[in-house]
Structures are given as structure tokens and as C-alpha cells.
Amino acid sequence: MYKTDYYISGAFIAVGVAFLAGSLQLGLSAPTSDGIPGSGFFPFILAGLVILLGVAIIAKGVLDKKEKRPAFLLDPDQKGNGFTWLVTILGIFVMLVLWLALSKVESVRQYAFEISVLGFALAMNRFYKRSWGFTLVFSLAIVALIHILFVRVLFISFDI
């Protein structure tokens, strides 16, 4: 087991707990009596899964009888991934800022999340050097899927 697995699992648990706390503030059930889950229901489930993943990584490390391996032993193929990782994190941050900014514009407020996800998907697919055809089809499909599943089927609003 790599020593970094302990750090990664700690990060998973910390992020999961943070999102769990936020989801509880949103509420797990809707204020109406029609049985629709509240806006915090799915974040609660996902946060719980992230916490369980962190615990599973720790358990794997504790049960692993192999000797401890160095923390950051990378092969040459992995060394270039740091920049890609940073750009992806920056892209997520920009998407969240765009979502927040668009949610204040009354004319697009209802679709602010979908627009920001579309921008993120387009930008990241081009960064990952996907073809324009794949980028457009994938980006539009993922936004359509998110909108249909969460807004139309589950009646979950992405208002901030």
C-alpha cells in the first residue's frame, strides 16, 4: 500500500463530511407532502458514498500485509498528469463561479447550472484533445441527461 492512500482516504472523508453537513442544511425531504426528495437528499447519498470510499481505502491499507511502498513513486507516464489534474480542478472552480454568476442573471437563472456544465464539458473535452464532433455530442448529451433526469424526472432544482 502506498503511504499516500492514507492521505487520499483522509481527503475523501473530509470532503464527504463537508458535503454531508451541507446536504443536511439543505434538508433531506421536501417541505411538501408529495414524497419528493429534498434538495439535500442526493448530495447526502453521494457524500455518504464518498465517506465509505475513504473508509474502504483505509481498511484496504490496514488489511494489506505487503510492505509500505514509497509515497510518490511515479512512472514516466504518470509524471505529466499533474498539469492535467490542476487544469481540471481549475475548470471545476471556473464552472462553479460561472454557475454562481449566471444564477444572478434573471433571464438565464433557471438554466444557470446547465449552461455552466455545458461550458465545462466543452472546455475540458477540448483540453483533453477530443475531436470537435465528440466534444459537441458528449457535452450536449451530458447536459441533456442531467436536465432530464434531475429537473424533469426528479424535480430537483439547481437554484443557488
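Residue Leu26 belongs to no hydrophobic cluster, having no ILVMFWY side-chain heavy atom closer than 4.5 Å to its own. The hydrophobic cluster containing Val15 also includes Phe19, under a criterion of side-chain heavy atoms closer than 4.5 Å among ILVMFWY residues, counted directly or through chains of members. Other residues sharing a hydrophobic cluster with Ile115 under the 4.5 Å side-chain heavy-atom criterion for ILVMFWY residues are Leu98, Leu102, Val105, Val108, Tyr111.
Counting only residues at least two apart or in different chains, side chain to side chain donor-acceptor pair (under 3.5 Å) contacts with residues 94-107 are absent. Within the structure, ring pair (Phe, Tyr, Trp, His ring centres under 6.0 Å) contacts touching residues 37-64 (residues at least two apart or in different chains) do not occur.
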Which atom pairs, donor and acceptor, lie under 3.5 Å between side-chain atoms of residues 82-94 and protein residues at least two apart or in another chain?
from	atom 1	to	atom 2	distance (Å)
Thr88	OG1	Thr84	O	2.8
Thr88	OG1	Tyr128	OH	2.5

Can you give each donor-acceptor pair under 3.5 Å made by side-chain atoms of residues 132-150, sequence neighbours left out, with the distance rounded to 0.1 Å?
from	atom 1	to	atom 2	distance (Å)
Thr135	OG1	Ser131	O	2.8
Ser139	OG	Leu122	N	3.4
Ser139	OG	Thr135	O	2.7
His147	ND1	Glu114	OE2	2.8
His147	NE2	Arg152	NE	3.3

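Residues Gly54 and Ser9 approach most closely at O-CB, 3.2 Å, considering heavy atoms.
For the atom pair CZ of Phe113 and CG of Leu96, the computed distance is 8.5 Å after rounding to the nearest 0.5 Å. Rounding to the nearest 0.5 Å places CG of Leu52 at 9.5 Å from CD1 of Ile13. The structure places CD1 of Ile58 at 10.5 Å from CG of Leu53, a figure rounded to the nearest 0.5 Å.
Under the 4.5 Å side-chain heavy-atom criterion for ILVMFWY residues, no single connected hydrophobic cluster contains both Val97 and Phe127.
For the pair Val151/Ile156, no side-chain contact is recorded, criterion being any heavy-atom separation below 4.5 Å from C-beta on.
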